[in-house]
Amino acid sequence: MLDIRFVRENADAVKAAMINRNAEVDVDALLALDSRRRAIVAEAEVLKAERNKISKSIGLMIKEGKDPESIKAEVREMGDKISAFDEDLRKIDAQLREGLLYIPNMPSATTPVGKDENDNPVIRFWGEKKTFDFEPAMHWDLGASLKLFDLERGAKIAGSGFPLFTGRGAKLERGLIQFMLDLHTEENGYTEIAPPFMCNDVAMTGTGQLPKFAEDMYAVPLDGLYPIPTAEVPVTNMYGNEILDQELPICLTAYTPCFRREAGSAGKDTRGLLRVHQFDKVEMVKFTTPETSAEEHEKLTLDAEKVLQKLGLHYRVIELCTGDLGFSAAKCYDIELWAPAQDKWLEVSSCSNFHDYQARRANIRYRNEDKKTTFVHTINGSGVALPRLVIAIMENNQNADGSIDLPEALWPYMGGLQKLA
RNA sequence: GGAGAGGUGUCUGAGUGGUUUAAAGAGCACGCUUGGAAAGCGUGUGUGCGCGAGAGUGUACCGGGGGUUCGAAUCCCCCCCUCUCCGCCA
């Protein structure tokens, strides 16, 4: 969330940023609450100071054998007033926090201003489009004929959007996960984390899923838990309410399944593995100082790209403009894979710098060079999400006979298997 | 799920209603001392919020939330977590 003091001192900039984001936020209402809050705090604290003084003198009187009854009544009255102030304050604090939790992050100064996804600039391409001397098949047809997954049976036991992988398809999932984790831990310098796959509402609020996006998540109300929509939630919040004494940056990677209700996208991309309710993903998360976060964000994006380069897949990197930027992000690159049968770019990674937005919500701090406690910057990105990666591998590497060549980097992870036939 | 024991600052650990403004020790920082170091001595050492240009000052915080009281780390209620034993279980 934003710092209320920042909002107070930069009200116009905040309002402008919200317009660029297409977000409707009543900044003035929040500032009115804030000034009421400070007025009440000031008044209440004067009373409290006085009460503390008199209470102390009552203690002394008792020790000296004097009768404090007359003063007690007076202080009791004071206490009632203080209680009333505290009650008001509790309400205002809650309203203020709630209001702040619904304000999206300020876009970075380097984030391009734009209205929607059509204004997202392409930053770079890698590789090139593959050409075929036959009509490339869709991944759902390839997957069915090669028996890599069985989406009907997945739908039978859980519902559509819950893929069920079989045989070599299941092994490919496992192999890809291990390939990516090995790459990030052995070459890119990340430490592997195996976190809980469910989180509570505090964690979900810390990274920004709650309170605004509750309907995007599955929930287990009986236990107050949510199956995670991304490893970002447990891995970022593992340092919640802490002052980190480790050297920054901290670079972590984690494999987790991800659960998303995809509310609001019903009927879109419903076929095959394009958009599913449960998928596997390897995530990278960094905790950095404000000074190095921009640089670490660029490096993390390159770390995600390395996965695709090793697999020999054509991709492009785009930068999200202010109108398309995610709620908590200040700056974000999307990496998109080319899928020839789909004839589309498929998003497989979203690499975001959140600045101190999540750190403030989750209360994650470190001591800077002056020993002053400071909010860290958090960065994360997919490295990468599996279903669309699998689609791209299948569609790009297919042969006329319906077989699929596996990228060489995967051979060791597939027990030497080089081709799905 | 049942029974019990715990949760105090960076750490160890005292504190069962009133100069607690949380003892003491360790650690850490700075200073003195020293050829240099250790030891010794001295000083300092939390977080949030309010006010203040600043020095500073007020307030809140002893797992979390409520309550009793003029006054709560301390008493009462609810919850969370850790440990031990029992039960159940991959």
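None of these values were measured; they are calculated from a predicted model. First the proteins, then the strands, lettered A, B, ... as listed; each starts at 1. No hydrogens, no waters, no symmetry mates; every other heavy atom, side chains included, goes into these values.
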Point to revise | Between B/rA60 (P) and A/Glu50 (CD): distance, integer Å | key: 14 Å

Check your understanding: B/rA22 and B/rA72: how far apart are their P atoms, nearest whole angstrom?
Key -> 15 Å

Revision key, fill the gap. Checking N1-N3 plus N6-O4 or O6-N4 for Watson-Crick, or N1-O2 and O6-N3 for wobble, each under 3.5 Å, the partner of B/rC75 is B/rG67

Exercise for review: Tell me what A/Ile54 touches on the nucleic acid: a base, only sugar-phosphate, or nothing, going by heavy atoms under 4.0 Å.
Suggested key: nothing

Practice item. Just name whichever nucleotide pairs with B/rC30, Watson-Crick or G-U, keeping both distances under 3.5 Å, else none. Key: B/rG42

Point to revise | For atom CD of A/Glu87 and atom P of B/rG66, their distance in whole Å | key: 10 Å

Review point. Should A/Lys48 and A/Asp86 count as an ion pair when the cut-off is N to O under 4.0 Å?
Key: yes

Review point. In terms of side-chain geometry, is the basic nitrogen of A/Lys331 or A/Glu319 positioned less than 4.0 Å from the acidic oxygen of its partner?
Key: yes

Check your understanding: Hey, is A/Arg360 close enough to A/Asp356 for a salt bridge, meaning N to O under 4.0 Å?
Key -> yes

Practice item. Using the C1' atoms only, state how far B/rG36 lies from B/rG44, rounded to an integer number of Å. Key: 26 Å

**Study point:** Nearest-angstrom distance from the residue atom CD of A/Glu45 to P of B/rU59
**Key:** 8 Å

Check your understanding: Which base, if any, makes a Watson-Crick or G-U wobble pair with B/rC85, both distances under 3.5 Å?
Key -> B/rG2

Point to revise | Separation of atom CD1 in A/Ile82 from atom C1' in B/rU69, rounded to whole Å | key: 13 Å

**Study point:** Separation of atom CG in A/Leu47 from atom C1' in B/rU59, rounded to whole Å
**Key:** 12 Å

Review point. With respect to the phosphate group of B/rA60, does any side-chain polar atom (N or O) of A/Asn52 fall under 4.0 Å of OP1 or OP2?
Key: yes

Exercise for review: Take the protein atom CE of A/Met78 and the nucleotide atom C1' of B/rU59, then report the distance between them rounded to whole Å.
Suggested key: 15 Å

Practice item. Tell me whether the OP1 or OP2 atom of B/rG71 has a side-chain N or O from A/Arg51 closer than 4.0 Å. Key: yes

Practice item. Measure from the side-chain heavy atoms of A/Ala49 and tell me the nearest of B/rU59, B/rG66, B/rU47. Key: B/rU59

Exercise for review: Using the P atom as the reference point in each nucleotide, state the distance between B/rA3 and B/rC78 in Å, no decimals.
Suggested key: 13 Å

Practice item. Output yes when at least one side-chain N/O atom of A/Lys48 is less than 4.0 Å from OP1 or OP2 of B/rG50, else no. Key: no

Review point. On RNA chain B, nearest-nucleotide positions of A/Arg38 versus A/Ile58: which is more 5'?
Key: A/Arg38

Exercise for review: For B/rU47, take OP1 and OP2 only and decide whether either is under 4.0 Å from a side-chain N or O of A/Arg367.
Suggested key: yes

**Study point:** For B/rG36, the Watson-Crick or wobble partner whose two distances fall under 3.5 Å
**Key:** none

Review point. Looking at A/Arg365, does any N or O in its side chain come under 4.0 Å of the phosphate oxygens OP1/OP2 on B/rG48?
Key: yes

Review point. A/Ser55 or A/Arg37: which one's nearest nucleotide on RNA chain B is closer to the 5' end?
Key: A/Ser55

Exercise for review: Could you measure between the two P atoms, the one in B/rA73 and the one in B/rG65, and give it in whole Å?
Suggested key: 13 Å

Practice item. Please check if any side-chain donor atom of A/Lys281 sits under 3.5 Å from a side-chain acceptor atom of A/Thr230, or the reverse. Key: yes

Exercise for review: Answer yes if the side chains of A/Thr253 and A/His184 hold a donor-acceptor pair under 3.5 Å, and no otherwise.
Suggested key: no

Exercise for review: Pick base, sugar-phosphate or nothing for A/Arg360, based on heavy-atom distances below 4.0 Å to the nucleic acid.
Suggested key: nothing

Check your understanding: Phosphate oxygens OP1/OP2 of B/rG71: is one of them under 4.0 Å from a side-chain N or O of A/Arg76?
Key -> no

Point to revise | Cationic N near anionic O, under 4.0 Å, A/Arg38 to A/Asp34 | key: yes

Practice item. In whole angstrom, give me the gap between the C1' atoms of B/rG71 and B/rA14. Key: 22 Å

Exercise for review: Ignoring backbone atoms, test whether A/Thr373 places a side-chain nitrogen or oxygen under 4.0 Å from the OP1 or OP2 oxygen of B/rG48.
Suggested key: yes

Point to revise | Pairing partner (Watson-Crick or G-U wobble, both distances under 3.5 angstrom) of B/rG54 | key: none

Point to revise | Separation of the P atoms in B/rG63 and B/rG7, to the nearest angstrom | key: 8 Å

**Study point:** C1'-based separation of B/rA55 from B/rU10 [nearest Å]
**Key:** 28 Å

Point to revise | Rounded distance in Å - NZ (A/Lys372) to P (B/rG46) | key: 14 Å

Check your understanding: Hey, are A/Arg365 and A/Glu242 close enough for a salt bridge, meaning a charged N less than 4.0 Å from a carboxylate O?
Key -> no

Practice item. Rounded to whole angstrom, note down the C1' distance from B/rG40 over to B/rU34. Key: 12 Å

Check your understanding: Do NZ/NE/NH1/NH2 and the carboxylate oxygens of A/Glu347 and A/Arg275 come within less than 4.0 Å?
Key -> no

**Study point:** For atom CZ of A/Arg8 and atom P of B/rG50, their distance in whole Å
**Key:** 6 Å

Point to revise | Any strand: nucleotide that pairs with B/rC11 via Watson-Crick or wobble, under 3.5 Å | key: B/rG25

